[in-house]
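Here the structure is a predicted model, which is why all the values come from computation and not from measurement.
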Amino acid sequence: MDPLAELGLARARGYAVDVTLDPDTVHPELVLSEDRKRVRCGDTHQDLSDNPERFDTCLCVLGAEGFTGGRCYWEVEVGDKTGWSLGVCRETVSRKGRVTLTPGNGYWAVQRFGGRYEACTSPPTPLPMNIRPSRVGIFLDYEAGEVSFYNVTDRSHLFTFTDTFSGTLHPYLNPVCNTWGKNVAPLIICPVPAQAGGNLSHGQ
């Protein structure tokens with residue numbers, strides 16, 4: 001284990017925030033749980049209003065909480081899913097049509113895709129994985145311009161994006177389509193063990 005990564009994760013967890021999913025943004029083929037903590041790919045295309053906030057092509061949903069400063073951290077259970085992507089995005093990203101996950105398009109994300117783990121840079125950056133993560137931690141340090149990802153399962157650091165942020169950022173989750181019944185499990189926003197809080201600034 002990397003003691004620096006463990007220390008970074010322990011520090012990040014001190015800034016845990018409560019994240020819920022925004023039903024106004026969810027793609028019609030995704031199903032949210034009643035408590036808005038779980039999202040999975042459904043079997044049918046739901047008849048949802050095509051409001052401006054809703055994604056119509058990308059199978060994703062955003063967190064209801066918008067972050068405009070400070071530090072914040074949350075964890076997502078990915079379990080044994082064969083495909084997923086997670087991270088943060090600008091509130092101003094286009095919700096209609098095809099989505100390309102790169103910082104230049106307002107997304108800072110990592111994904112499991114085709115048996116590989118990648119940071120969604122341009123081109124993608126492969127992420128070597130000693131132990132497959134069943135839970136991923138996301139730490140946003142707004143003023144430092146960093147989004148860091150952790151494998152909570154073995155307490156290792158996966159990747160850090162460095163950028164300059166402006167405007168509001170939201171959590172981003174994509175459970176990916178349920179190919180041949182092998183990716184049916186939901187993505188789950190998990191409670192983070194209570195630790196000392198940090199300085200948080202966020203707005204809706």
Side-chain angles (χ1 to χ4, degrees), residues 2 4-22 24-25 52-55 57-76 78 84-113 116-128 133 136-152 156-174 187 189 192 195-204:
D2 179 353
L4 279 177
E6 283 199 75
L7 190 63
L9 176 58
R11 174 177 170 268
R13 284 180 134 187
Y15 296 93
V17 295
D18 184 34
V19 170
T20 53
L21 300 174
D22 183 354
D24 289 339
T25 66
E53 299 85 9
R54 190 175 313 287
F55 288 87
T57 303
C58 180
L59 290 173
C60 64
V61 60
L62 301 187
E65 294 72 24
F67 306 117
T68 57
R71 300 181 177 106
C72 44
Y73 174 84
W74 61 98
E75 291 180 358
V76 180
V78 298
W84 48 262
S85 60
L86 305 167
V88 300
C89 71
R90 296 189 195 278
E91 189 171 74
T92 54
V93 293
S94 173
R95 314 295 174 94
K96 310 303 179 185
R98 184 179 169 86
V99 167
T100 303
L101 299 178
T102 63
N105 288 324
Y107 292 87
W108 297 267
V110 298
Q111 66 181 3
R112 184 178 187 192
F113 178 75
R116 303 183 304 276
Y117 293 91
E118 301 171 335
C120 300
T121 51
S122 183
T125 302
L127 300 178
V136 176
I138 300 120
F139 179 50
L140 168 65
D141 188 334
Y142 193 103
E143 279 75 22
E146 292 182 349
V147 183
S148 298
F149 295 84
Y150 291 91
N151 178 348
V152 179
S156 63
H157 171 257
L158 295 177
F159 193 79
T160 294
F161 289 91
T162 303
D163 215 321
T164 302
F165 301 132
S166 60
T168 304
L169 303 180
H170 288 267
Y172 154 89
L173 292 86
N174 183 336
L187 292 174
I189 297 171
V192 176
Q195 298 190 25
N199 63 318
L200 172 66
S201 168
H202 67 87
Q204 292 296 332

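- Side-chain contact between Trp74 and Pro171: present, with at least one pair of heavy atoms (C-beta onward) separated by less than 4.5 Å.
- Between Trp84 and Tyr117, the ring planes lie tilted relative to each other; the angle falls in the 30° to 60° range.
- In this structure, Val78 and Leu86 have side chains that are in contact, with non-hydrogen atoms separated by less than 4.5 Å.
- Side-chain atoms of Tyr107 and Ser85 form no donor-acceptor pair, as typed in the model, at a separation below 3.5 Å.
- Shortest non-hydrogen contact noted between Ala109 and Phe149 is CA-CZ, 3.9 Å.
- Residues passing the ring pair (Phe, Tyr, Trp, His ring centres under 6.0 Å) test with Tyr73, sequence neighbours excluded: none.
- In this structure, Phe165 and Tyr142 have tilted ring planes: the angle between them lies in the 30° to 60° band.
- Among all heavy-atom pairs drawn from Asn105 and Val93, the shortest one is O-CG1, 3.5 Å.
- Atom CG of Leu158 sits about 12.5 Å away from atom OG1 of Thr125, to the nearest 0.5 Å.
- Counting only distance, with no hydrogens or angles, the side chain of Glu65 and the backbone of Thr20 share a donor-acceptor pair below 3.5 Å.
- For the residue pair Ala5 and Tyr150, the shortest heavy atom distance occurs at O-CE2, 3.7 Å.
- By the ring pair (Phe, Tyr, Trp, His ring centres under 6.0 Å) test, Phe55 is found to be paired with no residue, residues two or more places apart in sequence or in another chain being considered.
- Residues that satisfy the side-chain contact (heavy atoms from CB on, under 4.5 Å) test with Ser122, not counting sequence neighbours, are Thr102.
- Rounding to the nearest 0.5 Å gives a distance of 4.0 Å between CZ of Phe67 and SG of Cys72.
- A donor-acceptor pair is defined here as one N or O able to donate and one able to accept, closer than 3.5 Å; such a pair exists between the side chain of Arg95 and the backbone of Glu53.
- The shortest side-chain heavy-atom distance between Val110 and Ile138 does not fall under the 4.5 Å cut-off.
- In this structure the side chain of Ser166 reaches within 4.5 angstrom of the side chain of Arg90, judged on heavy atoms.
- Contact check for Cys89 versus Leu62: side-chain heavy atoms found under the 4.5 Å cut-off.
- In this view, Trp108 and Asp163 satisfy the side chain to side chain donor-acceptor pair (under 3.5 Å) rule, not counting sequence neighbours.
- Applying the salt bridge (Lys or Arg N to Asp or Glu O under 4.0 Å) test to Asp141 and every residue at least two apart in sequence or in another chain returns Arg71.
- In this structure, the side chain to side chain donor-acceptor pair (under 3.5 Å) partners of Arg54, at least two apart in sequence or on a different chain, are Asn51.
- The closest side-chain heavy-atom distance from Leu140 to Leu169 is below 4.5 Å.
- Not counting sequence neighbours, the partners of Glu118 by the side chain to side chain donor-acceptor pair (under 3.5 Å) test are Gln111, Arg116.
- Rounding to the nearest 0.5 Å places CG of Asn174 at 7.5 Å from CG of Leu101.
- Remark: Asp24 engages no residue in a salt bridge (Lys or Arg N to Asp or Glu O under 4.0 Å) (not counting sequence neighbours).
- Take Thr160 and apply the side chain to side chain donor-acceptor pair (under 3.5 Å) test, not counting sequence neighbours, and it matches Ser148, His157.
- Side chains of Leu21 and Leu173 form a contact here, defined as non-hydrogen atoms less than 4.5 Å apart.
- In this structure, the side chains of Leu9 and Arg13 come closer than 4.5 Å at one or more pairs of heavy atoms.
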